[in-house]
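Below is one structure; the comments refer to it alone.
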There are 2 protein chains.
Amino acid sequence: MPEHAPLSRDRVLRAAVDIADEGGIAAVTIRAVAERLGVKPMSLYHHVPHKEAILDGIVDAVFAEIELPLDEPDWRAALRHRAHSARTVLGRHSWAIALMESRTHPGPATLHHHDAVLGILSRAGFPYALAGHAYSLLDSYVYGFALTEAALPFAPQDVEIAVGDHLAAFPAGAYPHLAEFATHHVLQPGYAYGSEFDYGLELILETLATRLAGTTRP
Amino acid sequence: MPEHAPLSRDRVLRAAVDIADEGGIAAVTIRAVAERLGVKPMSLYHHVPHKEAILDGIVDAVFAEIELPLDEPDWRAALRHRAHSARTVLGRHSWAIALMESRTHPGPATLHHHDAVLGILSRAGFPYALAGHAYSLLDSYVYGFALTEAALPFAPQDVEIAVGDHLAAFPAGAYPHLAEFATHHVLQPGYAYGSEFDYGLELILETLATRLAGTTRP
DNA sequence: ACCTGAACACCGTTCAAGT
DNA sequence: ACCTGAACACCGTTCAAGT
């Protein structure tokens with residue numbers, strides 16, 4: 001049984017990520033992590049100073065999963081790849097989005113991630129100011145989209161039923177634009193919120209390309 | 001003393017918001033809310049079914065604070081105003097950003113907010129598809145920026161000191177692009193991460209305006 | 001109707017004790 | 001060195017009892 005491999009910070013973090021994926025961040029308790037590892041709660045404290053460190057650690061572990069195409073010469077392709085990967089990873093571990101807000105101790109994977117993205121912008125010839133704009137805009141968009149997607153009041157696959165139920169529960173005429181938008185757009189066959197991601201991403205990348213073309217490094 | 005006004009769902013939610021503002025979302029416990037209201041923990045259950053309902057309620061209360069300029073004829077001005085207000089409100093209650101991810105029961109203020117934004121887009125002549133793109137993009141950006149800003153590993157006012165410390169703690173050369181970007185841009189006088197918000201917002205609004213000009217309602 | 005005391009099954013964490 | 005049992009000060013919530 002791999003359960004009895006020696007305990008380590010890494011095994012603690014992996015168990016915590018698995019528990020969060022299955023039951024949300026609230027399910028991550030010292031006692032639950034210990035039980036999954038076949039160990040007593042107190043044993044964890046020999047590998048991790050306190051629960052906060054576990055939370056910092058699993059956020060950093062999530063960042064480590066995001067792919068960074070370091071050998072991609074085309075900056076737009078590289079940033080597109082990073083954005084898609086970030087969205088996939090954050091979709092798989094949606095508890096991590098909420099956790100980011102309160103974690104102000106970036107780990108090595110997080111710092112490496114930021115370093116790599118700045119490297120892509122630098123090699124593409126973005127002046128510092130424009131690189132700052134680009135990074136802020138792209139990051140905000142990607143994390144924000146993941147947040148919005150996670151907060152949808154229904155699972156993406158049953159939009160029709162869920163939105164229908166929601167609308168039926170509304171006081172008649174209380175949210176006219178919402179009702180109109182739902183019936184004429186969201187409830188139409190073929191609609192999927194997820195596909196909005198690419199529209200926004202491409203709009204941002206295209207506009208940044210235009211602005212890059214109009215500058216030179218100072 | 002207003003402490004002895006009759007208890008109500010509203011007073012419970014207001015107390016919960018105040019506690020979250022002061023001590024973060026973890027400080028919001030049934031017992032703490034009760035104590036602030038000068039009442040015993042069990043009394044809250046006569047006005048709120050369980051703690052989850054308090055969390056749903058305070059997220060909705062935060063949405064209610066965001067200003068919606070319903071009488072502004074210029075759609076860009078209206079959306080700009082909404083975005084600035086959302087950012088201010090989410091900055092004041094940064095715990096709410098994290099909470100949004102797990103709240104899938106939108107309250108009346110949240111629904112009214114979405115309805116109003118869709119109304120602005122509709123009156124501006126956005127076809128359904130473009131309205132969907134615009135809303136997704138703007139919302140993702142605004143929430144994502146608030147999230148990113150809240151997650152900064154230092155208070156905005158002491159970037160210089162904090163970033164300096166962080167860089168000093170790095171293994172030499174471990175994050176070269178980050179170090180270069182920090183010394184040549186972030187640490188320069190006059191830099192403030194907060195001012196990135198307007199760059200991204202205006203880029204999005206401008207590009208949406210261009211795309212709106214190229215469409216007609218189907 | 002609204003409020004509450006006691007109790008239950010949980011938390012994270014300390015400390016002293018085991019190997 | 002690594003692991004653990006017992007204990008402490010907390011949680012949210014049920015239930016029966018008070019006004």
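Order of the sequence lines sets the chain letters (A, B, ...), proteins ahead of strands, with each chain counted from 1. Note: hydrogens, waters and symmetry copies are ignored here, and every other heavy atom, side chains too, is used.
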Next item on the list: Rounded off to whole Å, could you give me the CD-to-P distance for the B:Glu35 and C:dT4 pair?
Entry: 13 Å
Notebook entry, point to check: Rounded to whole angstroms, how far apart are NE2 on B:His46 and C1' on D:dG18?
Noted result: 11 Å
Item checked: Interatomic spacing from CZ in B:Phe63 to NE2 in B:His93 - rounded to 0.5 Å -> 12.0 Å
Margin query: Working to the nearest 0.5 angstrom, can you tell me the gap between B:Asp139 CG and B:His113 NE2?
Written below: 6.0 Å
Notebook entry, point to check: Just by modelled atom types, is the A:His81 backbone N or O under 3.5 Å from a matching donor or acceptor in the A:Ser85 side chain?
Noted result: no
Margin query: For DNA chain C, which residues of residues 14-25 of chain B approach it to below 4.0 angstrom with any heavy atom?
Written below: none
Next item on the list: Give me the ring orientation class for B:Phe145 and B:Tyr193: parallel if the planes are under 30° apart, tilted from 30 to 60°, perpendicular past 60°.
Entry: parallel
Item checked: A:His184 and B:Tyr128 aromatic ring geometry - parallel, tilted or perpendicular at 30°/60° bounds -> parallel
Next item on the list: Name all residues meeting the salt bridge (charged side-chain N to carboxylate O under 4.0 Å, His left out) criterion together with A:Glu67; count only those two or more places apart in sequence or in a different chain, and write none if there are none.
Entry: none
Margin query: Can you list everything that forms a salt bridge (charged side-chain N to carboxylate O under 4.0 Å, His left out) with A:Asp60? Sequence neighbours excluded, please.
Written below: none
Checklist line | Contact state string [nucleotides 11-16 of chain D, B base, S sugar-phosphate only, - no protein heavy atom under 4.0 Å] | finding: BBBB--
Checklist line | Pairs meeting criterion side chain to side chain donor-acceptor pair (under 3.5 Å) with involvement of residues 42-51 of chain B, two or more places apart | finding: none
Note to self: Strictly below 4.0 Å, N to O, side chains only: are A:Asp10 and A:Arg14 in salt-bridge contact?
What the structure shows: yes
Item checked: D:dT4 OP1/OP2 closer than 4.0 Å to side-chain N/O of A:Ser43 -> yes
Next item on the list: Determine whether A:Ile204 and B:Tyr141 make a side-chain contact, defined as any pair of heavy atoms from C-beta on separated by less than 4.5 Å.
Entry: no
Check: So what's the dot-bracket for DNA chain D: Watson-Crick or G-U pairs under 3.5 Å, [ ] if a pair crosses, | if it pairs off-strand?
Finding: ||.|||||...|||||.||
